[in-house]
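Not measured: the values here are computed from a predicted model. Every number for a ligand or one of its atoms is a count from 1 in the order of the listing. Reckoned from all heavy atoms, side chains included, excluding hydrogens, waters and symmetry mates.
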Amino acid sequence: MRHSQTLIPTLKEIPADADIKSHQLLLRAGYIRQTASGVYSFLPLGNKVLQKVEAIVREEMDKAGVAEMLMPALQAAELWKKTGRWYKMGGELMRLHDRHDREFALGPTHEEVITTLIADEVKSYKRLPLSIYQIQTKFRDEQRPRFGLLRGREFIMKDGYSFHATAESLDEAYENMYQAYTKIFTRCNLNFRPVIADSGAMGGKDTHEFMALSEVGEDTIAYSDQSDFAANIEMAEVNITYPPSEEPLKELELIDTPGQKTMVEVSAFLQLPLEQGVKSLLFKVDERFVLVLARGDRDINDIKLRHALGAKEVELASVEETKELLQAEVGSIGPVNVPEGIEVVADHAIAAMRNLYCGANQTDKHYLNANADRDFHVDGYYDLCFIKEGDPSPDGKGTIQFAKGIEVGQVFKLGQFYAEKLGAQYLNEQGKQEIMTMGCYGIGISRTVAAIVEQHHDEDGIIWPMEVAPYLTHLIAVNPKKEEQSALAEQIYVELQEANISVLYDDRQERPGLKFKDSDLIGLPVRITVGKAASEGYVECKLRESGEQFDVHISELQDKLKELLS
Ligand code: ATP
Ligand code: MG
């Protein structure tokens, strides 16, 4: 492609509203433009990269035996009402009306559509298992669209769905997809880790997120420094055995703690270690209230709480609710004298503690030397806290470290939630109706493009890995006004195209400095410069990644390129 025939509007300045590298570089190098908050156009180069990533996905899906189809983005509200997500998804679902005032949504995902379709088309165990995917534009009215392509309101996703007669069959498909995703992200040259993740409250079970490691990632990954254990911090199990304290029980004592609210304040005021204190928080768990206790130095993880109590929804009780139920300000609540009807659950660490301090359920007062069973009752002990760096790895191998990750994909055992709600049933071998079991598998295609740039750039611009580069070579004539240079560049351009080596040809009448700067910014793997040595038949090749450069005779150029690009 000739530069003069395409649209590559590079920018000199860093756009003011772009705070991360991938967003800045994709804008500056002329790959994308924003049209509304979280909504982007992919310019010719950006579109090429999307196509490259999509091609990798298509190849690997093909190999994995998953068929491609295309579903509508426009979805009738009735479908979403059947699963309840019309009400549950709130503001994130883009809703609209047609001219007859019927309600629709722009699909944020396609479980409702695909499951309804399969319910109509697949009736017998003989057609199962079945795996389908599509690559399509998705809409989510994100609360905080940001970081360019990383969190858009309109973005491109590959979403796949599998349908099964048995849980074992789903396990197989899940493993198959997990392997395919590993191949896809490896081919995209991402430094990534599959991590154990939260399945949410929709009745699903196993799920892994594929995380591209990056400082700008919004997720925290807890991983072992000595094994391949990795989990989203939301899920990482704390696997510590707390030896029971041998301390003799001391007498319970009520003391004034004026104005001391946080654990850190109370600990400093009492001059007692954080580890001896109890952090108490009141949660609303589905429709009931639960007081949750954790050791003072740990943070309560509401996702673990939801799992532990088998709940659908967990949220912190409001300041007003807490005050009304426990008769004290949030910073002074605790497990002693909890009114009837409020369940008390505690993290395992609490079971081993003695003579602990805690809020007294009287504003500005705390107890010293409170002891479980003697002074307060605990209904159940669970793993309820966030893991910390330095904790032992839950698999018993090594120590936990943290890293930040960008979720580029997710595989998910959905179970029967959607199939049940939408009537996806089949006749088994005995002729009996059964509900299908499902899996779903997503990849953020446009987010993956940004994640690749996050991991592959330097101060001059993007450094595309070979497989996803919009073009493999960037051909530049230093001074196209010189006849021998422009003639040779034209000749190389034609020959590379004939040899199927993709080439972007900067045929602009611009200063060489500007062309080289743009070339670094755009980031194609090999630059071919036609300059002074053109008269002797030599050009210069420069590799974007290593910076290595060397002269090549035009007679050897194709072989050299094939070697470099293989
Ligand atoms: P997140 O937690 O980042 O909001 P999600 O878990 O809600 O994402 P999924 O429903 O799992 O997203 O969607 C599948 C994939 O689509 C994600 O793994 C991610 O790569 C991509 N994705 C999700 N939301 C966005 C978005 N707003 N912009 C770009 N890509 C997205
Ligand atoms: Mg996800």
Side-chain angles (χ1 to χ4, degrees), residues 20 22-23 26 32 34 36-40 42 46 49-50 53-54 57 73 83 85 88-94 105-114 133-161 174 177-178 180-182 184-185 188 190 192-202 204 206-214 216-221 231-235 303 404-414 417-418 438-454:
I20 61 162
S22 59
H23 191 193
L26 288 167
I32 58 169
Q34 181 177 300
S37 166
V39 183
Y40 291 86
F42 290 84
V49 182
L50 275 182
V53 174
E54 289 174 7
V57 169
T83 59
R85 290 210 290 182
K88 215 178 145 61
M89 272 203 62
E92 205 168 299
L93 192 63
M94 289 272 193
L106 292 176
T109 169
H110 277 66
E111 282 83 3
E112 278 77 1
V113 177
I114 187 79
Y133 81 100
Q134 66 173 343
I135 294 178
Q136 198 224 29
T137 300
K138 295 281 187 280
F139 300 85
R140 292 185 186 181
D141 199 356
E142 298 274 358
Q143 202 154 26
R144 259 176 20 113
R146 60 185 194 143
F147 292 166
L149 300 183
L150 285 185
R151 187 168 296 286
R153 296 197 299 163
E154 174 175 330
F155 57 96
I156 298 169
M157 195 201 287
K158 170 262 167 184
D159 48 324
Y161 307 88
Y174 185 87
M177 281 301 204
Y178 185 103
Y181 275 32
T182 301
I184 289 167
F185 295 122
C188 288
L190 280 175
F192 70 96
R193 282 191 90 140
V195 309
I196 299 164
D198 173 35
S199 56
M202 302 297 268
D206 294 352
T207 175
H208 283 82
E209 290 163 345
F210 286 75
M211 293 284 188
L213 302 187
S214 164
V216 305
E218 292 180 325
D219 291 87
T220 303
I221 302 161
N232 193 308
I233 189 177
E234 294 173 339
M235 289 296 285
I303 289 173
K404 290 280 181 195
I406 299 168
E407 183 196 321
V408 285
Q410 181 164 23
V411 292
F412 200 139
K413 291 184 189 171
L414 283 176
F417 178 86
Y418 294 97
M438 290 173 59
C440 74
Y441 318 90
I443 292 180
I445 302 274
S446 43
R447 184 183 280 185
T448 296
V449 170
I452 296 170
V453 177
E454 252 344 291

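- The shortest contact between atom 11 (O) of ligand 1 and any protein heavy atom is with Gln410 OE1, 2.9 Å.
- Shortest distance from the Mg ion (ligand 2) to Glu407 is reached at OE2 (N/O/S atoms only).
- The closest non-hydrogen atom to atom 27 (N) of ligand 1, taken over Glu142, Arg153, Arg144, comes from Glu142.
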Does the pair Thr109 and Glu111 meet the rule for a side-chain hydrogen bond (donor to acceptor under 3.5 Å, both in side chains), with working shown? CA-CA 6 Å; Thr109 169; Glu111 282 83 3; 2.6 Å; yes

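- Between Phe155 and ligand 1, no pair of N/O atoms sits closer than 3.5 Å.
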Please step through side-chain hydrogen bond (donor to acceptor under 3.5 Å, both in side chains) for the pair Gln410 and Thr207, ending with a clear verdict. CA-CA 7 Å; Gln410 181 164 23; Thr207 175; 2.9 Å; yes

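- For the atom pair Leu190 CG and Phe185 CZ, the distance stands at 7.0 Å (nearest 0.5 Å).
- For atom 28 (N) of ligand 1, the nearest protein heavy atom (residue, atom name, distance) is Gly152 N, 3.0 Å.
- Counting protein heavy atoms only, atom 15 (C) of ligand 1 is closest to Gly444 N, 3.8 Å.
- Each of Tyr181, Tyr441, Phe412 was evaluated against Phe210; a single residue qualifies, Tyr181, per the ring pair (Phe, Tyr, Trp, His ring centres under 6.0 Å) test.
- Below 4.0 Å from some heavy atom of Leu149 lie the following atoms of ligand 1, by number and element: 29 (C).
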Evaluate the side-chain hydrogen bond (donor to acceptor under 3.5 Å, both in side chains) criterion for residues His23 and Tyr40: first the C-alpha distance (whole Å), next the side-chain angles of each, then the deciding distance (0.1 Å), finally the verdict. CA-CA 11 Å; His23 191 193; Tyr40 291 86; 3.2 Å; yes

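- Taking a 4.0 Å cut-off on heavy atoms, Ser446 fails to register as neighbouring ligand 1.
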Evaluate Lys138 against Glu154 for salt bridge (charged side-chain N to carboxylate O under 4.0 Å, His left out), listing each step before the verdict. CA-CA 6 Å; Lys138 295 281 187 280; Glu154 174 175 330; over 6 Å; no

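- Rounding to the nearest 0.5 Å places OG1 of Thr182 at 12.0 Å from CE of Met177.
- Within the listing of ligand 1, atoms 13 (O), 14 (C), 16 (O) sit less than 4.0 angstrom from a heavy atom of Met157.
- Looking from atom 20 (O) of ligand 1 to the surrounding protein, the closest heavy atom is Glu407 O, 2.9 Å.
- Taking 4.0 Å as the cut-off, Thr109 does not count as a neighbour of ligand 1 on heavy-atom distance.
- Aromatic pair His208/Tyr178: ring centres closer than 6.0 Å.
- Residue, atom and distance of the protein heavy atom nearest to atom 10 (O) of ligand 1 are Arg140 NH2, 2.9 Å.
- The protein heavy-atom contact nearest to atom 4 (O) of ligand 1 is Arg151 NH1, 2.9 Å.
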One pair to check against salt bridge (charged side-chain N to carboxylate O under 4.0 Å, His left out): Arg153 and Glu142. What are the steps and the verdict? CA-CA 6 Å; Arg153 296 197 299 163; Glu142 298 274 358; over 6 Å; no

How far apart are the C-alpha atoms of Gln136 and Met157, what are their side-chain angles, what is the distance that settles it, and do they pass the side-chain contact (heavy atoms from CB on, under 4.5 Å) test? CA-CA 6 Å; Gln136 198 224 29; Met157 195 201 287; over 6 Å; no

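- Here Glu209 fails the criterion, with no N, O or S atom under 2.8 Å of the Mg ion (ligand 2).
- Considering CD of Glu454 and CG of Leu149, their distance stands at 10.5 Å, rounded to 0.5 Å.
- Within the 4.0 Å heavy-atom cutoff, Leu150 counts among the residues contacting ligand 1.
- Near Gly409, with a cut-off below 4.0 Å to any heavy atom, the atoms of ligand 1 are 18 (O).
- Considering both main-chain and side-chain atoms, Glu218 never comes within under 3.5 Å of ligand 1 through any nitrogen or oxygen pair.
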